[in-house]
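These notes concern the structure reproduced below.
One-based numbering, in listed order, for ligands and for the atoms of each.
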Amino acid sequence: MPDELTLTIDGTEVRTTPGNNVLQAAMDAGIYVPYLCYYPGMKAFGACRMCVVNVEGGRGAPASCTTPVADGMVVNTQTPEIVALRRGIMEMLISEHPHGCLTCHRIDLCGPADICQRHVSVNDRCVTCPKNDRCELKDTVRHLELDMDTPLTYNNRRLPLAVDDPFWEMDMNLCIVCGRCVRVCDEVRADNALTFLERAGRSLIGTSHGVSLLESGCEFCGACIDVCPTGALVEREHKWDKAVRTITSVCPHCPVGCSMKLEINRRNRVIRAIPERRAEANRGQACLKGKFGLGFVNDRKRLKKPLVRQNGELAEVSWEQALETVASRLRPYRAGGYALLTSPKCTNEDHYVAQKFARTVMSTNNVDVSSNVRPELVKALGRMLGQEAGTNPIWGLDGAKCILVVSSNVTEEQNVAAVPVKRASREGAKVIVIDQRETELTRYASQWLRPKPGSEAALIGGMLRVIMDESLDDHEFMADRCEGAKDLKNSLWEFDLLRVERLTGIPRDEVQAAARAFAENGPAAILYGLETVPAEVRDACVTGLVNLALATGNVGKESSGLYPLFPGANEQGAKDVGCSPDRLPGYRPVEDADVRTVFGELWGAAIPEAEGLGVRDVVAAIEDGRIKALHVLGDSATFTNGQIGEFMAALEKLELLIVHDTAPNDLTELAHVVLPATTFAEKNGTYTNMERRVQLLRPAIGPRGEEEPDWRILCWIARELGGEGFDYESSEDVFREISELADIYAGIGYADLGVNGLQWPRADAETNGTPITNTQSGEQAKPRMEAMSLVQPPPRFEAGLYLAKGRLLHDNDRPMTVVKNNGSPYVEREEIVELHESDAAALGISDGDSVVATTSSESIRGAARLTSPHPGLVAVTGLFADVVTAAHDSTDPDPMLKIPGLPLERVEVAKA
Ligand code: FES
């Protein structure tokens, strides 16, 4: 089949690819053909017939969205017959849609209070529709220039509005049943929260399983709203607000780095976020956090002026006073006792200046990004593959034939990355989940392995052993492309399957089945967040996963590779630019004296020799006095979720706490100085996502008061303290320095970043970055396989009970109801507490007993079920609906920051 073919549309020669449809080919060539049910990126539906065209030599008027292109085809889109046909179709469509003003040529001239001489009810005006001026139906009606003789009356369906769900509203009176919402939910998101319904012989749209979206398995990603061509589906917040500007920037909530079009109203508020369809990172998709969780930028409580604590109270001061205070109070800690924590929402420029400030002005390597609670996620990638980063693009997962997901609640933590996993699963890919918790992806899993806590590395080693024993490895790939294969093979003797079975609690035939599925279904990819894997085992786990990918030839090619799943939005960027206690920009090790000399000369200050303290060390270091002055850039989930210990309590022991933040919070309550910082929506800069994609943030709104970007605040403090090399005039200046010093960013500049950004490294100005690493083109060193040793689970798991708390979008098997509490809908159902029968016997609990599971943060009451696979493992599975309602009702400036993660926790269980 040829790669390209040529057809003629309205006299213009159009080159396109075989398999394309005529409508898309016309759109790609800039020729407008009206359409309503088609949506780029989704399969053609052929329902509305608005896109009809004339094909010379063909019969009738085919829908162009369902007509495949053919070489030499001649298409006419604007013949009088076609235009008349479209008008007729539209008249039928609007016979059930308020349209009194839609068809009037005076629509822009009349005010809402005017009395229409055509006696149209004012309710028919588009100003009563929340999508007034962003409605595709209206645009299409106008394009068709319907005659004034179009009947003004329409069949009002008088259907009640659905306004009970959080964040989302539905008005079926405005629906044209194009089915885009149902199809995007099913086809693109691989969910089925919406469906076609029929009521009284009339086709409608509704939720799949119940009356509420909370019950239907909805992700609250907003994709249905984004594709709805009318006002039938809308965001509740700012529903009536009109945008005066749109700016494309990057969501600050997770490492997918979704490109979002931010709509801004006349009052300088971000009123809507619409995922950018052209962006490679998210391909028009978003999640609850990105779609409905950016309101924090508009918060009324935003900090606008610097605050200094005087007589126990924070008082507003000028920037000059604040900087003087900060400098004089920081000066004593230049000799030691200082640490700096950045936010994962900081830009690369903020992180770079922060680490330069800590190292050259405060003479310490105590600098880290506060989300870096699992630094082991990428260390083995650096050692074995040459870069501490993921290897492949997110959407390459779409084409994988097997996907291994290790301890990751991807659907919530990196939501859009789960979309291609679910789609691949639908296309028949095997999904193997290793996790003690029940998560959304366990519902898609062909195999769900629940190892004993801390035994994950042994399980992965066991899979490798099977692959080698059964000769399922890719001999050629290992021989030609890797080093260290022999060392690895020799080390696997320890992973005897009986031993692995004993350690992991996973029967050996299941280990074998998982190994075979992974090795025999290429290309295969690995996603891992290690959310429930204890720190002692994580590096061994990642080493095993890299070995697994290499042994099966799943590195350096499409739809394969390794995807470390960070908790923070710009954690990759923070590490890239050296905001790390043991790495300088470009992952140059602090311990290397030559590297320190080079950076010392470039920055004009000696780089401290000792490796610094990271975020995980901070609590202990404050407790024992190694850290006395803490400088924190932005709030972080890490501070309150217990992952680094009792951080908030430890802060009381500090002599000095300086906080840059955007809104008051628990941290600013304790701070000695609070400096107002801009949010992602108010600054230039770059983020680097989980696929190494450097993307540009663009300021959508101006600051409310005297807020400044973190990098500039740090430069001011540095200069106050006599630091040199902090004279940047813009974030672009900072980025220029980054790309000069960090070779992984070499050749990348703001001007290159466009809609899609660029995946580092960039070989030269001619190439668009490196979507896939380790392809062994050029000079890249060979990946190195590493010997493995059998890491035992930490002894603490041998005694006591651990809670594996999971969460699902929907649970068909258990009845639930939605109840109203203070006007908000809550899902109510009986919880199930899974216990191992030996633990239940020891606690005197029988199957079905009412029990209470108590952790340090909550008590869960439910019915005991003796189905836990291992002694010591207790499991419960909540619903995503709880998270959605809590986020909707929260008064916190950034409720998305407070969505609880699902770590393994100590738990006590007793009869209720
Ligand atoms: Fe082609 Fe609807 S857009 S039939």
Side-chain angles (χ1 to χ4, degrees), residues 7-10 12 14 16-56 58-70 73-97 99 102 131 134-146 172 174-188 194-198 202-205 223-233 277-278 284:
L7 68 160
T8 306
I9 305 178
D10 293 343
T12 304
V14 172
T16 185
T17 47
N20 205 356
N21 62 62
V22 170
L23 175 60
Q24 190 62 57
M27 280 160 67
D28 294 343
I31 299 166
Y32 177 67
V33 178
Y35 64 95
L36 287 170
C37 70
Y38 182 72
Y39 196 81
M42 290 202 284
K43 286 182 203 142
F45 192 44
C48 72
R49 303 202 59 79
M50 189 53 64
C51 67
V52 287
V53 290
N54 163 275
V55 178
E56 287 183 16
R59 284 173 48 201
S64 57
C65 66
T66 52
T67 305
V69 290
M73 185 183 235
V74 179
V75 177
N76 301 302
T77 73
Q78 297 295 341
T79 64
E81 297 75 27
I82 289 293
V83 172
L85 192 52
R86 286 187 195 135
R87 285 185 180 144
I89 293 165
M90 180 56 85
E91 283 185 354
M92 273 187 350
L93 256 181
I94 59 177
S95 68
E96 286 212 335
H97 188 100
H99 69 273
L102 263 184
K131 279 206 184 144
R134 42 190 191 112
C135 167
E136 289 178 46
L137 182 70
K138 179 174 166 181
D139 293 344
T140 313
V141 170
R142 285 187 175 189
H143 170 81
L144 294 177
E145 296 175 345
L146 291 190
M172 276 298 103
L174 300 176
C175 176
I176 56 169
V177 203
C178 64
R180 284 186 188 177
C181 53
V182 175
R183 290 181 291 132
V184 78
C185 191
D186 171 33
E187 211 179 281
V188 177
L194 296 178
T195 191
F196 290 104
L197 300 172
E198 200 171 293
R202 176 187 281 152
S203 273
L204 290 174
I205 306 296
C224 52
I225 297 172
D226 296 329
V227 298
C228 178
T230 71
L233 300 176
R277 214 169 60 204
R278 295 170 303 157

Look at the side chain of [X] and the backbone N and O of [Y], then say whether any donor-acceptor pair between them is shorter than 3.5 Å.
X	Y	result
Thr230	Leu174	yes
Arg180	Asp226	no
Thr66	Ala44	no

- Query: Any N/O/S of Cys48 under 2.8 Å from atom 2 (Fe) of ligand 1?
  - Reply: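 Yes, Cys48 qualifies, because one of its backbone or side-chain N, O or S atoms lies under 2.8 Å.
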- Task: Could you point out which residue of Arg86, Glu136, Met90 forms a side chain to side chain contact (heavy atoms under 4.5 Å, CB included) with Pro34?
- Result: Arg86
- Query: So which heavy atom in the protein is nearest atom 4 (S) of ligand 1, and how far is it from that ligand atom?
  - Reply: Arg49 N, 3.1 Å
- Heavy-atom side-chain proximity of Val75 to Ser64 below 4.5 angstrom: no
- Can you tell which part of Thr66 has a heavy atom less than 4.0 Å from ligand 1: side chain, backbone, both or neither?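 Looking at Thr66 and ligand 1, no heavy atom falls under 4.0 Å.
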Using a 4.0 Å cut-off to any heavy atom of [X], which atoms of ligand 1 qualify?
X	result
Tyr35	3 (S)
Leu36	3 (S)
Ala47	4 (S)
Cys65	1 (Fe), 3 (S), 4 (S)

- Task: Return the orientation label for the Tyr35 and Tyr32 ring planes: parallel under 30°, perpendicular over 60°, tilted otherwise.
- Result: tilted
- Please state whether the rings of Phe45 and Phe196 are parallel, tilted or perpendicular, taking 30° and 60° as the class boundaries.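 The arrangement is parallel - the two ring planes meet at less than 30°.
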- Assess Cys51: does it contribute an N, O or S atom lying under 2.8 Å from atom 1 (Fe) of ligand 1?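 Yes - counting backbone and side chain alike, Cys51 has an N, O or S atom under 2.8 Å.
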- Contact flag Cys37/atom 1 (Fe) of ligand 1, N/O/S atoms, threshold under 2.8 Å: no
